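Okay, so here's the structure we're looking at.
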Amino acid sequence: MSGSRKFFVGGNWKMNGDKAAIDGIVDFMKKGPLNPNTEVVVGCPQCYLSYTREKLPAEIGVAAQNCYKVAKGAFTGEISPAMVKDCGCEWVILGHSERRNVFNEPDQLISEKVGHALEAGLKVIPCIGEKLDERESNRTEEVVFAQMKALVPNISDWSRVVIAYEPVWAIGTGKTASPEQAQDVHAKLRQWLTENVSAEVAESCRIIYGGSVSPSNCAELAKMGDIDGFLVGGASLKPDFVTIINARG
Ligand code: 13P
């Protein structure tokens, strides 16, 4: 039952904001009020991880938006999970559609990153989702199941994983999946987990939805039994984020 899974709302700031903007976000998040039954995490640009961690109340998690698959070494421009932890942060978003489609990250690399981040002690939000042409050619299940299949061998601790289903056609487009469309994929993913991991993981793992979530559509989406929260892009930069955090009432 969804009742056993704590509602989870992540904000993904992407490559937006500066210290002044972060101060504004911290202000509206502190003011809230935020439903204490919702777990809240914000994903901020790597150069602001420490700044954001220091400013936000401890009960709000801070996530990196990416990190590499090894602890250290000659990998110019990359950061490691150990560095994310050293900045005081506990979370990382991996395999976001922009990492997959703008930076061409393949399933195998994302899976290795997830594996190393978990080994290093981080909590991980791996992202999956189909593109428009894949949905239109009825390949949604095939695509998201293949993305899941690549992740599974490197997931050593499911209790530190929150899966984000983000249909690429809904990201930043203002075109949200309908509650029924999203619920349908979430239920299929849960069934897939039952068959390919375990009934226990299928029952306990949170599957959150991302793609144009807004104050006007979050309540309907939050009512669906297999939607355990959201990963929010644009709206997480605005006070709207508080409404979304409180979507489940
Ligand atoms: P938008 O909410 O801006 O559509 O972005 C969704 C997203 O990519 C969150 O990771």
Side-chain angles (χ1 to χ4, degrees), residues 7-17 21-22 25 28-29 38-46 48-49 52 60-67 84 89 91-105 110 113-114 117 122-132 134-135 140 143-144 147-148 151 161-179 181-182 185-186 189 206-222 224 227-248:
F7 202 66
F8 182 105
V9 177
N12 178 5
W13 298 349
K14 308 193 180 185
M15 198 177 73
N16 292 297
I22 292 169
I25 293 171
F28 71 65
M29 290 189 73
T38 303
E39 183 169 4
V40 182
V41 172
V42 295
C44 75
Q46 51 178 269
Y48 298 125
L49 285 171
T52 305
I60 298 173
V62 178
Q65 298 173 10
N66 184 26
C67 62
V84 175
C89 305
W91 286 89
V92 63
I93 299 167
L94 287 169
H96 188 274
S97 84
E98 287 137 26
R99 299 304 316 171
R100 292 177 183 269
N101 299 313
V102 182
F103 299 100
N104 297 318
E105 289 192 12
I110 294 162
K113 288 180 172 193
V114 169
L122 288 180
K123 296 185 255 192
V124 183
I125 307 170
C127 305
I128 59 170
E130 82 287 1
K131 296 187 216 160
L132 184 60
E134 293 165 338
R135 173 161 285 261
T140 298
V143 170
V144 296
Q147 290 167 333
M148 288 298 297
L151 290 171
V161 173
V162 173
I163 300 285
Y165 167 60
E166 302 202 295
V168 180
W169 49 271
I171 295 177
T173 56
K175 233 197 219 179
T176 326
S178 68
Q181 279 176 318
V185 179
H186 283 230
L189 286 167
R206 287 165 298 178
I207 306 175
I208 62 174
Y209 167 80
S212 298
V213 176
S214 71
S216 58
N217 60 31
C218 62
E220 289 304 310
L221 286 160
M224 308 311 280
I227 299 182
D228 304 314
F230 304 117
L231 190 56
V232 185
S236 72
L237 300 163
K238 299 183 265 184
D240 285 352
F241 192 45
V242 173
T243 310
I244 297 171
I245 288 168
N246 297 331
R248 203 155 264 165

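As the structure is a prediction and not an experimental result, all values here were calculated from the model. Read the numbers this way: they start at 1 and go in the same order the structure lists the ligands and their atoms.
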Check each atom of ligand 1 against the heavy atoms of [X] and keep those under 4.0 Å away; list them by number with element.
X	answer
S212	1 (P), 2 (O), 4 (O)
G234	1 (P), 2 (O), 3 (O)
E166	6 (C), 7 (C), 8 (O), 9 (C), 10 (O)
K14	5 (O), 6 (C), 7 (C), 8 (O)

- Query: Does at least one non-hydrogen atom of A235 fall below 4.0 angstrom from an atom of ligand 1?
  - Reply: no
With a 4.0 Å cut-off on heavy atoms, is G211 in contact with ligand 1?
yes
Checking L237, V42, T52 against I25 for side-chain contact (heavy atoms from CB on, under 4.5 Å), the one that qualifies is L237
What are the two closest heavy atoms between [X] and [Y], and how far apart are they?
X	Y	answer
A63	V41	CB-CG1, 3.8 Å
G11	S236	CA-CB, 3.5 Å
A117	L94	CB-CD1, 4.1 Å

Ranked by distance from atom 2 (O) of ligand 1, the top protein heavy atom is G233 N, 2.9 Å
**Message:** Taking the side chain as everything from C-beta on, heavy atoms only, tell me whether I171 gets closer than 4.5 Å to K14.
**Reply:** yes
Side-chain contact test, heavy atoms from C-beta onward, threshold under 4.5 Å: evaluate it for I128 versus L189 and give yes or no.
-> yes
Any luck finding a side-chain donor-acceptor pair between E130 and W169 under 3.5 Å?
-> yes
Any N or O of N12 closer than 3.5 Å to N or O of ligand 1:
yes
Polar contact flag for G210 and ligand 1 (N/O pairs, less than 3.5 Å): no
Contact region, A170 to ligand 1, non-hydrogen atoms below 4.0 Å, reads backbone
